[in-house]
Undergrad: 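Sharing a structure with you now.
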Protein chains: 2
Amino acid sequence: MSFEGQPPAKMRLLRAAAELLANSAGAPVSTRQITQLAEVSAPTLYHHFGDKEGLFDAVVSAGFEEYVAGERDFAPSGQPLVDIRRMWDNHVQFGLNQPELYLVMFGNIRPESRPAIVADAEALMEEMLNKAAAAGQLSVQPREAARSILAANVGVTLMLIAEAVVDRNLDLSTMTRDAMIYAVASDQAEQNGNESSGKSSVVVAAIALNAALQSSHSDQLSSSELKLFLEWLHRISTSSTT
Amino acid sequence: MSFEGQPPAKMRLLRAAAELLANSAGAPVSTRQITQLAEVSAPTLYHHFGDKEGLFDAVVSAGFEEYVAGERDFAPSGQPLVDIRRMWDNHVQFGLNQPELYLVMFGNIRPESRPAIVADAEALMEEMLNKAAAAGQLSVQPREAARSILAANVGVTLMLIAEAVVDRNLDLSTMTRDAMIYAVASDQAEQNGNESSGKSSVVVAAIALNAALQSSHSDQLSSSELKLFLEWLHRISTSSTT
DNA sequence: GCAGTTCATATAGCGTTGCTATAGGTGCTA
DNA sequence: TAGCACCTATAGCAACGCTATATGAACTGC
């Protein structure tokens, strides 16, 4: 959605809202400020965007599309998980660069109002994770992984926004990012090279655990618990792969 | 901060605000609603709390202290990492039970306005992680781990709140929680390919199976069986030594 | 060329919001 | 009884999101 072909008033409103959202550090932005800066009167705003939130949505989705576009461009590094890392960092940077926009997008999300942007972000992340899954580098389903990573990504970004700029420590982001990616990656289920089916990885892992439990006795479960546990383990490890 | 000894008006304001915040599903709560329900007129509110946000802060911190108290009580399970899990789950439940309060606390956090509650939550989490660190179960500094886990916890909770109640899937919480705890726990040794130190192969295999089970819902166990199975699995995978 | 329709903008103002200037009541201490 | 804190109320301000209504411009069909 380029700004070029739009009627002047609508475009000026978008620009004014974006500028005010970007510059007013934390303070809420009123429709009167926006219309005044855009040199337009109130009904024009509502004619074009229906709502104050409609205007903000437009600004957000414009900014988000820009961010997504820049994201897709330099993404194909061959290593999907590396791309995920970069995607995470870009997300954080986007939030820190435009905290107001970001808070509108991810801070006030309520059930009835705004799953749209979140769904977009999830889809983008999932798309990248699909490549990782295709390369056998994922130990969980891409959709679940995407939701999980995005949730952590949002949480970290909100925390960083909440901190004073002075003592913002990006180690929080780095650490959480690597934790999430590592947890989702398949390098601890190292058998995924030959069998990429999710179910078979369960079986393989169950067999491995079974073997490990036989050799070294764990004291974390009582004997009765262990007995039942082993039985279940057996049921899992002998299940047919579909 | 008990409610008992307070003058009636102040207490009635707190109760009214809490009730309106809890019951008004998503809609903003106005001071007039509050003062009307509390049978009090406007200046009284500002006399006692200075601000609308001051009132909300009071409500929030009351609720938060209650939540913290309930948290500390049943916490000492001996296994710090298990306690962290429970703490995570309680955090999510707190957010889902009182979404309005939660959004006030963690959704709108801006640099100048509200690091207080966040700091409290961090401190609580850190306190628990210190025990884990003392038991040699942590591979990173408790403070960093607490910040990281809390950030992910907040992100997950916000995501769940944003979803319609119907299709809320708590797997998102479970998966992210275990990912974070696992990443922070000291069994990270094999992350660097150094498998001999620290964890036994039982733990490694248990973790792998856990991850695999998260991705593909096995139909070999009933849901109640699976729940208990996963619980045991986690006990094994968070055990400190063999 | 001109009526009809549609789109875009403006004037003025409604109802509600958070908040306050001012003042009156209440109970305590002296 | 006087004085003094504390607590509460009447009334109202400025700002908010939003809209009923109206005017101008641009295009369309005849």
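When reading the values below, keep in mind they use all heavy atoms of this one structure, side chains included, and skip hydrogens, waters and symmetry mates. First the proteins, then the strands, lettered A, B, ... as listed; each starts at 1.
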Undergrad: For the side chain of B/Ala42, counting heavy atoms from C-beta on, which of D/dA9, C/dA8, C/dC19 is nearest?
TA: C/dC19
Undergrad: Please determine whether a side-chain nitrogen of the Lys or Arg among A/Arg168 and A/Glu163 lies less than 4.0 Å from a carboxylate oxygen of the Asp or Glu.
TA: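 Looking at A/Glu163 together with A/Arg168, the answer is no, because their closest N to O distance does not fall below 4.0 Å.
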Undergrad: To the nearest Å, how far apart are B/Met11 CE and D/dT8 C1'?
TA: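 Value for this atom pair: 18 Å.
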Undergrad: State, yes or no, whether a side-chain contact exists between B/Val154 and B/Tyr102 at a heavy-atom distance under 4.5 Å.
TA: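 In short, these two side chains touch, coming nearer than 4.5 Å.
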Undergrad: Is the phosphate of C/dC7 approached by A/His48 (side-chain N or O, under 4.0 Å from OP1 or OP2)?
TA: no
Undergrad: Report the nucleotide, chosen from C/dT9, D/dC13, D/dC16, that has the shortest atom-to-atom distance to any side-chain atom of B/Arg32.
TA: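 Of the options given, the side chain of B/Arg32 lies nearest D/dC13.
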Undergrad: For A/Gln141, is there any backbone N or O sitting under 3.5 Å from a side-chain donor or acceptor partner on A/Glu144?
TA: no
Undergrad: Salt bridge check, B/Asp83 against B/Arg86: does any charged N sit closer than 4.0 Å to a carboxylate O?
TA: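 Yes, this pair counts.
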Undergrad: Can you check the A/Glu39 CD to C/dA8 C1' distance for me, whole Å?
TA: 17 Å
Undergrad: Are any of the side-chain heavy atoms of B/Ile34 and B/Phe56 separated by less than 4.5 Å?
TA: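 Side-chain contact under 4.5 Å: yes.
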Undergrad: Between the side chain of A/Lys52 and the main-chain N/O of A/Leu45, is any donor-acceptor distance below 3.5 Å?
TA: no
Undergrad: Measure from CZ on B/Arg12 to C1' on D/dC7 and round the result to the nearest Å.
TA: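 Distance, rounded to whole Å: 12 Å.
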Undergrad: Tell me every residue that passes side-chain hydrogen bond (donor to acceptor under 3.5 Å, both in side chains) with A/Glu126, counting only those two or more places apart in sequence or in another chain.
TA: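 A/Glu126 satisfies side-chain hydrogen bond (donor to acceptor under 3.5 Å, both in side chains) with A/Arg143 only.
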Undergrad: Taking only nitrogen or oxygen atoms into account, show me every contact under 3.5 Å that the protein makes with nucleotides 3-5 of chain D, one pair per line with its distance.
TA:
none

Undergrad: Give the rounded distance in Å between these two atoms: CG of A/Leu55 and P of D/dC18.
TA: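 That distance rounds to 10 Å.
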Undergrad: Can you tell me the distance, in whole Å, between the CZ atom of B/Phe56 and the P atom of C/dT17?
TA: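 Value for this atom pair: 12 Å.
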Undergrad: Between A/Pro43 and A/Ser30, just flag the one whose closest nucleotide in DNA chain D comes earlier from the 5' side.
TA: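 That would be A/Ser30.
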Undergrad: Find the distance A/Phe49:CZ to D/dC18:C1' and express it as a whole number of Å.
TA: 16 Å
Undergrad: Just how far, in rounded Å, is C1' of C/dT17 from NZ of B/Lys52?
TA: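 For the pair B/Lys52 NZ and C/dT17 C1', the rounded distance is 8 Å.
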Undergrad: Produce the list of close N/O pairs, under 3.5 Å, pairing protein atoms with atoms of nucleotides 23-25 of chain C; give distances to one decimal.
TA:
none

Undergrad: Given the rule in the side chain to side chain contact (heavy atoms under 4.5 Å, CB included) test, do B/Trp88 and B/Val156 qualify, once you have shown the distances and angles that lead to the verdict?
TA: CA-CA 10 Å; B/Trp88 174 294; B/Val156 163; 4.0 Å; yes
Undergrad: Would you sort out whether B/Leu124 and B/Met87 count as a side chain to side chain contact (heavy atoms under 4.5 Å, CB included), showing the intermediate values?
TA: CA-CA 9 Å; B/Leu124 188 63; B/Met87 191 173 255; 3.7 Å; yes
Undergrad: If I take atom CG in residue A/Asp51 and atom C1' in nucleotide D/dG17, what distance separates them, rounded to the nearest angstrom?
TA: 9 Å
Undergrad: Less than 4.0 angstrom between a side-chain N/O of B/Tyr46 and OP1 or OP2 of C/dT20, yes or no?
TA: no
Undergrad: Looking only at non-hydrogen atoms, find the nearest pair between B/Arg12 and B/Ala38 and report the distance.
TA: NH1-O, 2.8 Å
Undergrad: Using only side-chain N and O atoms of A/Thr44, determine if any of them is under 4.0 Å from OP1 or OP2 of C/dT9.
TA: no
Undergrad: When you check the phosphate oxygens OP1 and OP2 of D/dC7, does a side-chain N or O of B/His47 lie under 4.0 Å from one of them?
TA: yes
Undergrad: If only side-chain N and O atoms of B/Thr31 are considered, is one of them under 4.0 Å from the OP1 or OP2 phosphate oxygen of C/dG18?
TA: yes
